[in-house]
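Each chain gets a letter, A, B and so on, in the order the sequences are listed, and its residues count up from 1. Note that the structure is predicted; figures quoted are calculated from it, not measured.
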Amino acid sequence: MTIPEFEEIVEQNDQTEARREHLEKLRELVGNVYPNKFVRSSIGGAEDTISSVLKFAVVVAAGDEMAAVKASLKEGERPPAEVKDKLNEQLKALGTVRIAGRLTTPPRGNFVHLTDGIAKLQVYCDKKGGFALIKNDAENTVDPENGWTAWKLIDHGDFVGVEGYLFVTNTGEVSLHVERLQFLAKAMVPMPDKMHGIADPEIRQRQRYADLIASSLQVETDGMTTREVFETRAKVISSLRRYLEDHGYIEVETPMLTPKATGAAAKPFVTHHNALDIDLYARIAPELYLKRLVVGGFEKVYELNRNFRNEGISYKHNPEFTMLEFYCAYMDVNGMMDFCERMMRESVQKAAGELKVSYEGNEIDFGNFERLAMRDAILRYAPQAEITDSNMVEWFDNHVEPNLTQPTFIIDYPKSISPLSKASPANPQIAERFELFINGMEVANGFSELNDPKEQYDRFVDQMAQREGGDDEAMVLDEDYVRALSYGMPPAAGIGIGIDRLVMLLTNKHSIRDVILFPHLRPERRADKDEGEQE
RNA sequence: GGGUCGAUAGCUCAGUCGGUAGAGCAACGGACUCUUAAUCCGUGGGUCACAGGUUCGAUCCCUGUUCGGCCUACCA
């Protein structure tokens, strides 16, 4: 195996050469160009960040007052000196502020904005008034001469720490007047285009770090920035967790590497354990483990983690995806639908701020979930259908699923395709099962859990027969699970919710890759490298 | 897997009805130093994805390859 050169990994050009030269000159001025730390001030109580400084009451008040004054001024007119002086006095009374961040623009002139990834604060370096450079030696020696020299050597995207006082500029922006500058880290490659962001979707997904930088630098954006997408994702997940915990659920972790891939109909990833010399499967669902816990006495359990399915990749499929799965003793499918609806309503409200979200031109209303039997759904969208037990799902997939834009629980599934769910008391051929569809995507799947060990055994045997018949997605018999059920499991309902798809809906993203930080992509190839290696 | 569109400067893109290429930004040099995406003046930068073919001549036409987008089929 050949080890690629650094220059092959980090492409060198006139842009990187310029940055490298700046770095060498900075090294002469400050010594260590990759210092180990920068201690920020703590005026706001905790360590000050750019975002927190901008939320100081005095800063907010100064901003508001300046905005009001500017509104009364004519185009190009400067705010009166007495207003500025008064605000500057208040801002200066805060004392010395030390903050750090990345340059959001090339350092033209003496103004530049720093970002902490979220907010931007303008900083001002006064050439005439002068400012000191802090060396990155053990004592952080103050060099009063070379502040401006160092300033000219920093590039768009570099990290600096600055110390100084806050003030308002002639245009009314609260800024930091730099008295001391400390160089913290260099960006050796050019920053993403601040107008267009990163246009190449491959780079956006493969180099998510660059995509995230772009979203903090970009001047104009349509829709959510990448950062906002993942902040929304975090909000959804935390609100779901809180909701479950507020309702008595306990979070558990069950095996990801399992001796049998079961609990769902899907092809697994296979791996090998050397010491035990056995094949293991990345789990396709945690379902059977969670129900073992219900047997063991955990009446309400949930697990929020990844499942792995060795299947195709599409706008709504990633080989690993995040599923929230939970079980509740003594509940049936109807109770679970009620609970799911309430939980999703609260989560959407918290993450999106409202129950009606706009998705690809449609308005999706999470305030209203319809319940529709599969047979009725087919007759609604394909009245000509001649439904039999065997063709029902096909009719559904082809004619109904794409039309289910608003949140819809499809209920009354054929028992034959639901080997882990209980039959309906009213109709033994129907499973007490639902799937939730939104915008043509399956978002959740739940049912009244089958808890009769003998019937479960028979259903597994039936699945194994289908497997023999060539259906390699049919479930495999899990002997220990049958044994677990024989200890007695209370009546229970369970559900799995596809978190990635839910996040797609809340962030108006068409592709699942846009809501997963590091989605699976083909291995990267360096075309010019491969050439040299042929033959 | 099938269809379809694409690959031109570090980035975003234009262009050549076939005569080896341009803009804006970025970089570099200088001027400016209370500016809000790009201040002003100047400079450098391209094997036009790769390999063949047609042609006096190909970045452009043809064929193939690689990589990628979009649509489509199967799985949540």
Side-chain angles (χ1 to χ4, degrees), chain A residues 10-22 78-79 84 104-113 120 122-129 148 151-152 155-157 167-173 175 177 188-206 210 214 217-221 263-268 284-285 307-325 397-398 401 435-437 441-445 471-473 496-502 504 510-513 521-528 530-531 534:
Chain A
V10 182
E11 190 196 338
Q12 303 294 301
N13 52 45
D14 61 321
Q15 321 271 312
T16 58
E17 180 58 20
R19 286 165 182 266
R20 206 186 54 73
E21 283 175 18
H22 294 165
R78 293 278 155 88
K84 270 187 66 183
T104 66
T105 56
R108 282 264 183 75
N110 41 16
F111 278 96
V112 82
H113 282 87
K120 295 175 190 176
Q122 179 165 264
V123 302
Y124 170 67
C125 286
D126 183 4
K127 183 185 184 182
K128 283 181 286 188
W148 186 254
W151 177 255
K152 286 189 293 182
D155 290 306
H156 184 197
F167 74 110
V168 286
T169 63
N170 280 336
T171 55
E173 180 168 343
S175 307
H177 188 117
M188 297 301 289
V189 294
M191 290 296 104
D193 188 293
K194 61 178 166 291
M195 291 310 290
H196 306 90
I198 296 173
D200 185 339
E202 194 196 345
I203 294 175
R204 218 163 50 217
Q205 290 162 5
R206 201 184 288 287
L217 301 183
Q218 210 166 346
V219 177
E220 289 169 6
T221 49
K267 289 174 214 141
I284 56 174
N307 290 340
F308 307 86
R309 298 189 183 175
N310 201 346
E311 290 164 350
I313 293 176
S314 79
Y315 76 95
K316 55 179 174 178
H317 297 93
N318 194 58
E320 57 179 293
F321 64 101
T322 300
M323 178 110 104
L324 167 63
E325 204 162 293
D397 288 348
N398 293 333
E401 196 173 313
E435 287 191 1
L436 173 62
F437 290 87
M441 285 191 298
E442 184 193 334
V443 172
N445 177 15
D471 180 359
D472 54 4
E473 290 184 2
I497 299 174
I499 298 300
D500 310 285
R501 290 180 177 180
L502 182 58
M504 285 166 71
H510 175 68
S511 170
I512 198 167
R513 291 183 182 192
L521 302 167
R522 282 195 184 80
E524 193 170 5
R525 307 182 78 109
R526 277 188 294 277
D528 48 344
D530 292 346
E531 291 256 312
Q534 271 173 11

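With rounding to whole Å, Asp200(A) atom CG is found 14 Å from C13(B) atom C1'. Between the CG atom of Asp126(A) and the P atom of U33(B) there is a distance of 11 Å, given to the nearest Å. Following rounding to the nearest Å, Glu17(A) (CD) and G45(B) (C1') show an atom-to-atom distance of 14 Å. Taking atom NZ on Lys127(A) and atom P on U33(B), their separation rounds to 8 Å, with Å as the unit. What separates CZ of Arg19(A) from P of A26(B) is a distance of 12 Å, to the nearest Å. Taking atom CG of residue Asp155(A) and atom C1' of nucleotide A27(B), one finds them 10 Å apart after rounding to whole Å. Summarising the geometry, the separation between CE on Met191(A) and C1' on A26(B) is reported as 12 Å, rounded to the nearest angstrom. Regarding Asp14(A), its CG atom lies at a distance of 8 Å from the C1' atom of G44(B), rounded to whole Å.
Lys267(A) comes within 4.0 angstrom of no nucleic acid atom, judged by non-hydrogen atoms across all strands. In this structure, Asn318(A) reaches the bases: a heavy-atom distance under 4.0 Å links it to at least one base atom across the strands shown. Glu173(A) comes within contact range of at least one nucleobase, with a heavy-atom separation under 4.0 Å. Within 4.0 Å (heavy atoms only), Trp148(A) reaches at least one base atom of the nucleic acid. If you check every strand for non-hydrogen atoms under 4.0 Å, Arg20(A) touches nothing. Here Ala265(A) lies in heavy-atom contact (under 4.0 Å) with sugar-phosphate atoms only. Counting non-hydrogen atoms under 4.0 angstrom, Thr105(A) reaches nothing in the nucleic acid.
Across C74(B), A27(B), A76(B), the shortest atom-to-atom separation from the side chain of Glu442(A) is found for A76(B). Residue Asp193(A) places its side chain closer to U12(B) than to any other of A27(B), U12(B), U35(B). Here the side chain of Phe111(A) is nearest to one of G24(B), C34(B), C74(B), namely C34(B). The side chain of Gln15(A) has G10(B) as its nearest neighbour among G68(B), A76(B), G10(B). Side-chain proximity of Phe321(A) to U12(B), A76(B), C71(B): nearest is A76(B).
Here His22(A) reaches the OP1 or OP2 of C28(B): one of its side-chain N or O atoms lies under 4.0 Å away. Look at His156(A) and you won't find any side-chain N or O under 4.0 angstrom from OP1 or OP2 of C11(B).
Remark: C60(B) base-pairs with no nucleotide in the shown strands. Criterion, Watson-Crick or G-U wobble with two distances under 3.5 Å. Base pairing of G1(B) is made with U72(B), judged by Watson-Crick or G-U wobble geometry with both donor-acceptor distances under 3.5 Å. With a cut-off of 3.5 Å on both Watson-Crick or G-U wobble distances, the partner of U54(B) is given as none. Partner assigned to G6(B) is C67(B), using Watson-Crick or G-U wobble distances below 3.5 angstrom. Across all strands shown, U39(B) pairs with A31(B); the Watson-Crick or G-U wobble distances both stay below 3.5 Å.
Gln122(A) contributes a side-chain N or O that forms a donor-acceptor pair with the base of U35(B) under 3.5 Å. Not a single donor-acceptor contact under 3.5 angstrom links the side-chain atoms of Asn13(A) to the base of G45(B).
Between Arg309(A) and Phe321(A) the shortest side-chain heavy-atom distance falls below 4.5 Å. In this structure, the side chains of Asn307(A) and Ile284(A) stay at 4.5 Å or more apart for every pair of heavy atoms. Residues His510(A) and Met504(A) are not in side-chain contact: their nearest non-hydrogen atoms beyond the backbone lie 4.5 Å or more apart. Between Lys84(A) and Asn170(A) there is a side-chain heavy-atom pair separated by less than 4.5 Å. Taking the side chain as every heavy atom from C-beta outward, Phe308(A) and Pro268(A) never approach each other to under 4.5 Å. Looking only at side-chain heavy atoms (C-beta outward), Trp151(A) and Val112(A) come within less than 4.5 Å of each other.
Between Ile512(A) and Ser314(A), the closest heavy-atom pair is CG2-O, 3.7 Å.
Between Pro319(A) and Ser511(A), the residue whose closest nucleotide on RNA chain B is further toward the 5' end is Ser511(A).
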